[in-house]
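Just below is one structure, and these are the notes that go with it.
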Amino acid sequence: MIDVVGVPAEGPSALPPVLRDLVSGARTVVGSPRLLDLVPVAAGQTRRPWPSPMLPGLTDFLSEVGTDRVVILATGDPLVSGVGSTLIRTLGPEAVRIHPAVSSVALAHARMGWPSESTSVVSLVSKPVYAVRRHLAPGARVVALSAGAKTPVELARMLDDLGLGDSRLAVLGDLGAVHESRFDCAAAELAHGRAAGPDGIPDLNVVALEVSSDARLVGVTPGLPDEAFEHDGQITKREIRALAMAALRPIAGQRLWDLGAGSGSVSVEWCLAAPRTTAVAVERDPARAERVRRNAASFGVAVAVVTGDSVAEIAQLPTPDAVFIGGGASSELIDGAWQVLEQGGRLVVHCVTLDTEALVVDAHDRLGGELRRVTVERAEPLGRSLSWKPARPIVQWSVTKSPHRAGSAGEETP
């Protein structure tokens with residue numbers, strides 16, 4: 001059993017006696033150099049800083065350290081965007097015992113007078129500031145855990161770029177310590193260098209954000225405006241995208257394959273639709289693949305982009321819970337995607353050509369599911385009047401893999 005001890009901002013001296021004894025009696029103490037320097041040296045005790053980079057060498061490091069009287073030091077609550085979560089994923093919950101201190105999130109709520117149920121919490125420790133974007137709404141409150149002194153300014157610039165420069169920020173430094181600090185400002189002020197604390201921004205900080213109540217945002221519901229994405233015209237239009245989301249049915253924690261991703265708009269909306277969702281977007285065109293990366297980054301969602309041919313790449317991809325084929329559909333690609341789906345997995349194919357339509361009609365005959373044909377018409381000027389201009393019809397085939405359809409493509413299981 002490895003013990004993970006959360007250290008409050010005041011330092012190890014603020015730990016209760018039983019935890020101070022646990023640390024001083026450990027054979028090995030592991031932690032960041034900052035935390036290790038705060039703990040008095042005990043005779044015969046080994047001090048081990050984390051490997052750098054941490055994650056690639058973590059398994060070997062833990063095997064070397066062992067589990068006999070090992071104490072790991074963490075900041076605050078180790079399970080709030082901390083090392084405790086990583087250790088539980090790596091070793092299992094039965095091998096890790098957590099001793100939390102008050103988290104910086106709880107302290108931020110207390111300093112702001114915000115009930116926890118009224119806020120969203122976002123860790124920017126290992127994510128870009130755009131990860132906050134999905135939580136933005138008029139009047140929304142967000143507690144953002146910073147990666148360092150630069151994070152508040154980067155966050156303020158992002159908000160200003162989105163037209164939210166009048167949103168309020170409170171930069172809370174060294175929460176719980178004797179030298180705790182705070183300064184308040186508008187996002188635009190910090191973004192343009194017109195605001196800062198008397199001693200600058202400390203490395204250990206949390207940002208409390210309150211979005212202006214009259215903010216105008218595109219939201220996160222399916223069918224975002226096409227102009228919310230960077231694209232070259234190769235984009236699943238908003239009405240058809242909403243139809244795709246209805247068929248794909250995003251579920252928390254699940255993974256999407258977006259094959260022939262184009263702009264990546266389907267991947268982005270999948271990740272916005274439910275918590276902890278991820279997507280793998282495959283796009284053969286390098287310029288479009290880069291565009292998918294930029295769109296994913298601007299919305300702060302977890303989309304892994306693979307540049308290459310979908311048929312060639314799918315054998316290397318992690319197993320999906322749902323697959324969307326928006327471009328380049330072929331019988332080989334459809335059958336390959338179907339074979340890797342597990343029970344409950346969803347496959348959705350959109351097509352506009354007669355050749356591809358014939359493929360999905362054949363797949364429907366073999367595997368079941370639903371076929372839809374959708375036409376969207378928009379009112380556009382015709383002389384001095386308005387007239388309906390139809391877009392090309394879209395054929396959608398969607399199917400869910402069930403025990404009765406669990407065989408490979410073309411082979412039903414009774």
Side-chain angles (χ1 to χ4, degrees), residues 1-108 110 121 123-127 145-151 172-181 199-206:
M1 179 74 72
I2 288 179
D3 287 283
V4 184
V5 176
V7 179
E10 303 97 305
S13 61
L15 289 169
V18 65
L19 291 183
R20 290 203 302 270
D21 291 344
L22 181 65
V23 174
S24 64
R27 176 182 59 84
T28 304
V29 178
V30 178
S32 67
R34 182 186 71 85
L35 289 176
L36 291 175
D37 287 343
L38 295 176
V39 177
V41 177
Q45 190 176 78
T46 301
R47 304 295 183 91
R48 297 291 301 271
W50 290 112
S52 182
M54 179 179 173
L55 290 180
L58 182 60
T59 301
D60 290 342
F61 177 81
L62 293 174
S63 297
E64 182 181 339
V65 168
T67 59
D68 178 29
R69 293 167 53 217
V70 173
V71 170
I72 292 176
L73 302 179
T75 300
D77 185 345
L79 292 179
V80 178
S81 298
V83 71
S85 305
T86 302
L87 292 171
I88 287 174
R89 286 195 304 270
T90 304
L91 301 174
E94 69 284 348
V96 182
R97 183 165 44 212
I98 305 292
H99 307 273
V102 177
S103 71
S104 57
V105 172
L107 290 171
V121 178
S123 174
L124 303 179
V125 174
S126 58
K127 297 178 182 177
L145 307 180
S146 292
K150 296 180 180 179
T151 302
L172 309 170
D174 297 304
L175 283 168
V178 174
H179 54 284
E180 179 179 315
S181 64
D199 301 314
I201 299 174
D203 283 332
L204 293 177
N205 71 82
V206 174

Original post:
With sequence neighbours excluded, what pairs up with Arg47 under the side-chain hydrogen bond (donor to acceptor under 3.5 Å, both in side chains) test?
Top reply: Gln45
Subject >> Side chain to side chain, His99 and Leu15, heavy atoms closer than 4.5 Å >> reply: no
Original post:
How many angstroms lie between CG in Leu175 and OG in Ser103, if you round to the nearest 0.5 Å?
Top reply: 9.5 Å
Original post:
Can you name the closest pair of heavy atoms from Asp203 and Ala149 and give their distance?
Top reply: OD1-CB, 3.5 Å
**OP:** Sequence neighbours left out, what passes side chain to side chain contact (heavy atoms under 4.5 Å, CB included) with Ala74? Give chain and number order.
**Re:** Val4, Pro78, Val83
Subject >> Nearest-0.5 Å distance, CG of residue Leu35 to OG1 of residue Thr75 >> reply: 4.5 Å
Original post:
Considering residues at least two apart in sequence or located in another chain, which fulfil the side-chain hydrogen bond (donor to acceptor under 3.5 Å, both in side chains) criterion with Ser146?
Top reply: Asn205
Review item, side-chain donor-acceptor pairs of residues 85-94, under 3.5 Å, at least two apart:
from, atom 1, to, atom 2, distance (Å)
Thr86, OG1, Arg89, NH2, 3.4
Thr90, OG1, Thr86, O, 2.8

Subject >> Trace of the side-chain contact (heavy atoms from CB on, under 4.5 Å) decision for Val80 with Leu145 >> reply: CA-CA 10 Å; Val80 178; Leu145 307 180; 4.2 Å; yes
Subject >> Non-neighbouring partners of Asp77 that pass salt bridge (charged side-chain N to carboxylate O under 4.0 Å, His left out), sequence neighbours left out >> reply: none
Subject >> side-chain hydrogen bond (donor to acceptor under 3.5 Å, both in side chains) partners of Thr151, counting only residues at least two apart >> reply: none
Original post:
What ring pair (Phe, Tyr, Trp, His ring centres under 6.0 Å) pairs are there with at least one residue in residues 18-73, not counting sequence neighbours?
Top reply: Trp50-Phe61
**OP:** Would you mind reporting whether Val7 and Val39 have side-chain heavy atoms less than 4.5 Å apart?
**Re:** no
Subject >> Heavy-atom side-chain contact between Leu79 and Pro100 under 4.5 Å >> reply: no
Could you tabulate the donor-acceptor pairs under 3.5 Å formed by side-chain atoms of residues 22-29, not counting sequence neighbours?
from, atom 1, to, atom 2, distance (Å)
Ser24, OG, Arg20, O, 3.2
Ser24, OG, Asp21, O, 3.1
Arg27, NE, Asp68, O, 2.9
Arg27, NH2, Val65, O, 3.0
Arg27, NH2, Asp68, O, 3.0

Subject >> Least distance between heavy atoms, Ala101 atom then Pro8 atom >> reply: CB-N, 3.9 Å
Original post:
In chain order, what residues pass the side chain to side chain contact (heavy atoms under 4.5 Å, CB included) check against Ala9, with sequence neighbours excluded?
Top reply: Ala177
Original post:
Pairs in or reaching into residues 1-14: which pass salt bridge (Lys or Arg N to Asp or Glu O under 4.0 Å), with residues at least two apart or in two chains?
Top reply: Asp3-Arg97
Original post:
Can you name the salt bridge (charged side-chain N to carboxylate O under 4.0 Å, His left out) partners of Glu64, sequence neighbours left out?
Top reply: Arg48
**OP:** Return the set of residues passing side-chain hydrogen bond (donor to acceptor under 3.5 Å, both in side chains) with Asp174 (not counting sequence neighbours), or none when no residue passes.
**Re:** none
Original post:
How many angstroms lie between atom NZ of Lys150 and atom CG of Leu124, to the nearest 0.5 angstrom?
Top reply: 15.0 Å
